[in-house]
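Below: the structure, in structure tokens.
The structure presented is a predicted model; accordingly, all values stated were derived computationally and were not measured. Values below: every heavy atom of this structure, side chains too, minus hydrogens, waters and symmetry copies.
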Amino acid sequence: MQISVTAAKAQLTELVRRAEAGEDVVLTRHGQPVLRFVPVKPVPTAEEKRAAIDRILAKAAKRPKSDVSAARSQDFLYNENGLPE
């Protein structure tokens, strides 16, 4: 999107939101581009998001399984009278 500096004055908040969302926002003066709004933190692409999810899933699959059953967890939390230790 291209917008003149004069018009951008009234829409600055909206232009910042659009740039943060990844839209290309260019300010112009006398019809010539002079400034581009870009987010400080780049917006990840769909492919980058998918790759991050795949890395997390692969790491989780390699994680060793625990031999302790959740059904027995109360044995460690409560005494023989059923009171917390």
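- The cluster map of Ile, Leu, Val, Met, Phe, Trp and Tyr, joined by side-chain heavy atoms under 4.5 Å apart, puts Leu12 and Val34 in the same cluster.
- The side-chain heavy atoms of Gln2 and Pro33, taken from C-beta on, include a pair separated by under 4.5 Å.
- In this structure, Asp24 and Arg36 have side chains that are in contact, with non-hydrogen atoms separated by less than 4.5 Å.
- Between Ile3 and Leu15, the closest heavy-atom pair is CG2-CD1, 4.0 Å.
- Met1 contributes atom CE, which lies 8.0 Å from atom CD of Glu14 (distance to the nearest 0.5 angstrom).
- Glu20 approaches Pro39 most closely through the heavy-atom pair CA-CB, 4.1 Å.
- Rounding to the nearest 0.5 angstrom, the gap separating the OG atom in Ser4 from the CD atom in Gln32 is 13.0 Å.
- Smallest separation of non-hydrogen atoms from Ala8 and Leu27: CB-CD2, 3.5 Å.
- Val5 and Leu35 end up in the same hydrophobic cluster when Ile, Leu, Val, Met, Phe, Trp and Tyr side chains are linked at under 4.5 Å.
- In terms of heavy-atom proximity, Val25 sits nearest to Ala19 at CG2-N, 4.0 Å.
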